[in-house]
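All chains are named by letter (A, B, ...) in the order of the sequence lines, taking the proteins before the strands, and each is independently numbered beginning at 1.
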Number of protein chains: 2
Amino acid sequence: MRHLKVYQMIEAVTRAGSIRKAAEDMNITASALNRRIQGFEQEFGSEIFERLPRGMRLNPAGELLLHHIRAQKTDLARVQSQVADLSGVRRGHVTIACSQALLPYFLPRQIALYRRDHPGVTFSVRVRDRVQAEKDLVSFHSDLALVFEPAHMVDFEVLYAIDQPVHAIMSRAHPLAAARTLRLRQCLDYDLVVPGPQYGVRTLLDRAAKRIGRQLEPALETESFEMIRHFAALGQTIGFQIPIGLNPAAHEDVASIPLSESDLPAGQLYLGQLRGRALPVASIRFAQQLTAALDATGG
Amino acid sequence: MRHLKVYQMIEAVTRAGSIRKAAEDMNITASALNRRIQGFEQEFGSEIFERLPRGMRLNPAGELLLHHIRAQKTDLARVQSQVADLSGVRRGHVTIACSQALLPYFLPRQIALYRRDHPGVTFSVRVRDRVQAEKDLVSFHSDLALVFEPAHMVDFEVLYAIDQPVHAIMSRAHPLAAARTLRLRQCLDYDLVVPGPQYGVRTLLDRAAKRIGRQLEPALETESFEMIRHFAALGQTIGFQIPIGLNPAAHEDVASIPLSESDLPAGQLYLGQLRGRALPVASIRFAQQLTAALDATGG
DNA sequence: AAATCCGGTGCATTAATTGCACCGCCGGAG
DNA sequence: CTCCGGCGGTGCAATTAATGCACCGGATTT
């Protein structure tokens, strides 16, 4: 889209932080780029960059404009893919930001299922914690977000929500492995492996521990849910995870036991999009499939 | 915005129905315009016009694109006015599509009220029946719509809704003028003056009449609510209107009596916008004021 | 004080856009 | 039927806009 080159230039300058670097990235001279930016600012009626001694940075007006630019770029892409749809084959690309818990079983299965019916549709999965996931929506880097206990919910339009009680996971040989539900204080007697504070499971755990006058003293804190799972399988350590991250069918190498809801109320897994945004067809359809699938696990 | 000239050209061709006429409108030659269109179609990846022997018409892909073009144009305008806001004075323009009933008292008062605080904001009021009002939103010709009993509600995002029972209006000398409420069948004994079938009041009346095994046989059918009001003031004719169209404070020259809700359930007056659209600040603020004002009349 | 990196500008060059003249096509009027 | 008028499309020359190059002045870093 040649007529949108100014927008690309603005994005490039924003990214690079200076006209000269951006010009190099775009394989043009700094002077050409400089004049396009100046020309645009004049047409636009306001400067959009602060001129710093070391380069350029968007001013508030520029931030507003950048948001518009991204919105319009992704919307044009949506129109184009919708047009492609008109002439037969369903094509498209879905970008989804999601929590780690969705990676092992749920999402791969859903994507495969969707692609069986629509082989022309491709996917990007961006692993993000809940804060990053929301930023991803706002910056138009992701169409959908599937996150546990999102943080702010501003600009987050909920498409579906489902309860996810926190489960304790441990070796099948663990003394507590036979229980049907566990109290939090039972778990605190053992070594714990928990996710970092930026994750919803941790927030819920911290809150619950505080309520019974205790404090989490984890033996291992990690960002990797996979490591939590594997570490919990060793010795008598206890890890925590939400059930959607565990294989519902086959037997795991770990036992998974829900924590009592009176200790720790169930968190919620949210499927959402940027408020008010028109999604591409493929994303809408995929979101519908996810909603149906989540609904099935819940009932 | 020079980089959006292609879009203006596409709009011009759509409006004019042929390249040559559009070219004349834009003061360029047909060949230049022709090539820009062709160039765009190539970049876009699909034709957007049908070539007819008598001119050009948008194809389905073009319709999709046109919607995007309008959306992006109005959104850019929103950004610009929002940027203007940053530097002090609140400016802006609000376009609202509304039913006739809002014209005599409610809207002028609200607009005056808003402009007292924000003199920089200007208004366009487009009088539309409920079908046209929704089209106005979709085509980005109006920011807001304030309509009685809208028809489809697709793409219509409700910002506020309030009950409006249908009132019978008549001369103060009319035999029924002293009643507190009226049954529909009482009214049917007199000559009636009613709006055309495209209006919500009429739909409600027709439906209610049918339910008591009667049919409306109006003496006068008109599009003009003003004419209904004035005609009802003469002789023993009965007209119908919703209370928001009547002066709440001063004494009218006509009596206004609500119809019994068991005959004719109250319709609803909706304030709405195009689903998912980001409105300019001024429109948002004005919508908030309207919501508060409607809420006050209802309570 | 020197070196470096920055945004901005004058001027020649290059690329894109436009205007002009003209083609072939099709529907309607004569 | 023919002919006319309006249509979209195209080759080519003229015009206009965008770019590259060389360079300036200013601020920060070394």
For this session: For A:T29, answer base if it contacts any base atom (sugar-phosphate contacts may also be present), sugar-phosphate if it contacts only those atoms, and nothing otherwise; contact means non-hydrogen atoms under 4.0 Å.
Result: base
Exercise. Please give, in whole Å, the distance from D:dC7 C1' to B:L33 CG?
Worked result: 13 Å
Problem set entry | From D:dC21, D:dG8, D:dC12, nucleotide with atom closest to B:R35 side chain | D:dC12
Exercise. CG of B:N34 versus C1' of D:dC7: gap in Å, rounded?
Worked result: 11 Å
Exercise. Touch check for B:R36, heavy atoms < 4.0 angstrom, all strands: base, sugar-phosphate only, or nothing?
Worked result: sugar-phosphate
Exercise. Hey, are A:D143 and A:R277 close enough for a salt bridge, meaning a charged N less than 4.0 Å from a carboxylate O?
Worked result: yes
Seminar exercise, completed: Contacted region of DNA chain C by chain A, from 5' end to 3' end of the hits, cut-off under 4.0 Å to heavy atoms, spans C:dC5 to C:dT17
Exercise. Touch check for A:S18, heavy atoms < 4.0 angstrom, all strands: base, sugar-phosphate only, or nothing?
Worked result: sugar-phosphate
For this session: State, to 0.1 Å, how close A:T95 and A:H141 come at their nearest heavy-atom pair, and which atoms those are.
Result: CG2-O, 3.1 Å
Exercise. Taking 4.0 angstrom as the limit, do B:R128 and B:E134 come out as a salt bridge?
Worked result: no
For this session: For B:L52 and B:R57, run side-chain contact (heavy atoms from CB on, under 4.5 Å): C-alpha distance rounded to whole Å, both residues' side-chain angles, the deciding distance at 0.1 Å, then the answer.
Result: CA-CA 7 Å; B:L52 306 173; B:R57 193 173 50 195; 4.1 Å; yes
Problem set entry | Whole-Å distance separating the NZ atom of A:K5 from the P atom of D:dA17 | 16 Å
Problem set entry | B:Q38 CD - D:dG11 P separation (whole Å) | 11 Å
Exercise. Whole Å only: how far is the CZ atom of B:F49 from the C1' atom of D:dG9?
Worked result: 15 Å
Seminar exercise, completed: By nearest-nucleotide position on DNA chain C, the 5'-leaning member of A:L52 and A:R2 is A:L52
For this session: Could you pick out which residue, A:A30 or A:R54, lies toward the 5' side of DNA chain D when each is mapped onto its nearest nucleotide?
Result: A:A30
Seminar exercise, completed: Applied to residues 24-66 of chain B, the ring pair (Phe, Tyr, Trp, His ring centres under 6.0 Å) test, sequence neighbours excluded, yields A:H3-B:F40, B:F40-B:F44
For this session: Among B:R36, B:R51, B:R35, find the one that has a salt bridge (Lys or Arg N to Asp or Glu O under 4.0 Å) with B:E41.
Result: B:R51
For this session: Remember a base hit wins even if backbone is also touched, and classify A:R51 as base, sugar-phosphate or nothing at under 4.0 Å, heavy atoms.
Result: sugar-phosphate
Exercise. Whole Å only: how far is the CD atom of B:E41 from the C1' atom of D:dG9?
Worked result: 12 Å
Exercise. Taking 4.0 angstrom as the limit, do B:R15 and B:D25 come out as a salt bridge?
Worked result: no
Seminar exercise, completed: B:R57 atom CZ is separated from D:dC7 atom P, nearest whole Å, by 15 Å
Exercise. For A:R20 and D:dG20, what is the distance between atoms CZ and C1' respectively, to the nearest whole Å?
Worked result: 13 Å
